[in-house]
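Here is the naming used below: chain letters follow the sequence lines, and residue numbers restart at 1 for every chain.
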Number of protein chains: 2
Amino acid sequence: MRYRYDVYEDRCPTRMVLDRLADKWAVLVLDRLEDGPVRFNAIRREIKGISQKVLSQTLKRLERDGLVTRTVYPTVPVTVEYALTPLGRTLTETVSALAHWAEHNMDAVLAAQATYDAAGAR
Amino acid sequence: MRYRYDVYEDRCPTRMVLDRLADKWAVLVLDRLEDGPVRFNAIRREIKGISQKVLSQTLKRLERDGLVTRTVYPTVPVTVEYALTPLGRTLTETVSALAHWAEHNMDAVLAAQATYDAAGAR
DNA sequence: AAACGTGGTTTCCAATAGATACTAAGGAGA
DNA sequence: TCTCCTTAGTATCTATTGGAAACCACGTTT
């Protein structure tokens, strides 16, 4: 089965999408939204170390790509809720697997790094 | 089920791993290696637009993390072959899904971007 | 002897990432 | 009333990175 698009091609629009998706923060944000709508500062508090600017940019891109919706409730203070779109939902399984692969295989990676560094330090 | 590691934590070593894995070039390289060992310049030619420096860096990191092996054959000119390790192989399904999601959903993403940009241009 | 193919490293500049500080608008506490 | 808290961001500045291009050694072909 062939598609009109090919990530191996330069200038293919899929490259832009891959660039956004293959991003540490985007992966964590999508993973966090898997269980339902979440507010801006809730995401910010739970994804430790993310800055406001980066979170804002990441969400804006995901919204533009149709993966996330942004809903503003005129409460006081204003409430802004982010949620996955159906399109975004088709991605969560993959993204979640990527985000948590590291948790499952961290020991193996650390061991490999130690071996590599020891060999390199000859 | 709980692990000692948590990608949501700052300073957790999994963050470093996620940072390497959630990278456009790393994803493409891992996807390319799925079918068996490939030589440096073969990867370079097939992943259009990747520079030698970036490919070299990406492979070095993947090797350090124990995902890829580097084998030098003393031919003339020298042949260097890269291949997935068993650990790397546990990742290919996920990475491949991510790399090709864009190909399958590109039209939906482009449509979402057009809508978003049209609304923003008010 | 000049050019080519191998698998890189080095150099340089522009673009980006991230830390920090700031904004507005309302509510709560002193 | 004055100050501080919250919300969801934006603005500014700097350090790091990404990527293009040039360079390298080695041996072979032309």
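When rounded to the nearest whole Å, the span between CG of B:Leu59 and P of C:dG7 equals 11 Å. Remark: P of C:dT10 and CD of B:Gln57 are 11 Å apart, rounded to the nearest angstrom. If you take CD1 of B:Ile43 and C1' of C:dT6, they are 14 Å apart, rounded to a whole angstrom. What separates CZ of A:Arg20 from P of C:dA17 is a distance of 9 Å, to the nearest Å. A:Arg15 places its CZ atom 13 Å from the C1' atom of D:dG19, with the value rounded to the nearest Å. Spacing between atom CG of B:Leu28 and atom P of D:dG19 amounts to 11 Å, rounded to whole angstrom units. Rounded to whole Å, atom P of C:dT6 lies 13 Å from atom CG of B:Leu55. At whole-Å resolution of the value, OH in A:Tyr73 and C1' in C:dA25 are 21 Å apart.
In this model, no donor atom of one side chain and acceptor atom of the other lie less than 3.5 Å apart for A:Trp101 and B:Thr14. A:Asp65 and B:Tyr116 share no donor-acceptor pair across their side chains, judged by distance under 3.5 Å alone. A donor-acceptor pair shorter than 3.5 Å can be found between the side chains of A:Asp107 and B:Tyr5.
Comparing C:dG27, C:dG18, C:dG8 by their closest approach to the side chain of A:Lys24 singles out C:dG18. For B:Ser51, taking side-chain heavy atoms from C-beta onward, the closest of the listed nucleotides D:dA8, C:dT6, D:dG19 is D:dG19. Nearest nucleotide to the side chain of B:Arg61, out of D:dG18, C:dG27, C:dG7: D:dG18. When the nucleotides C:dT9, C:dG18, C:dT6 are ranked by their closest atom to the side chain of B:Gln52, C:dT9 comes out on top. The side chain of B:Lys60 has C:dT9 as its nearest neighbour among D:dA8, C:dT9, D:dT7.
Residue whose closest nucleotide on DNA chain C sits further toward the 5' end, between A:Ile50 and B:Lys53: B:Lys53.
Within 4.0 Å of A:Tyr82, counting heavy atoms only, lie sugar-phosphate atoms of the nucleic acid but no base atom.
Contact annotation: A:Arg70 reaches the phosphate of D:dG9 (side-chain N/O to OP1 or OP2, under 4.0 Å). Between B:Trp25 and D:dG19 there is a side-chain polar atom (N or O) within less than 4.0 angstrom of OP1 or OP2. OP1 or OP2 of C:dT9 has at least one side-chain nitrogen or oxygen of B:Ser56 nearer than 4.0 Å. Here A:Arg39 reaches the OP1 or OP2 of D:dA8: one of its side-chain N or O atoms lies under 4.0 Å away.
More than 12 heavy atoms of other shown residues, nucleotides or ligands fall within 6.0 angstrom of atom CD in A:Glu9.
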For A:Val29 and A:Val68, run side-chain contact (heavy atoms from CB on, under 4.5 Å): C-alpha distance rounded to whole Å, both residues' side-chain angles, the deciding distance at 0.1 Å, then the answer.
-> CA-CA 10 Å; A:Val29 167; A:Val68 156; 5.5 Å; no
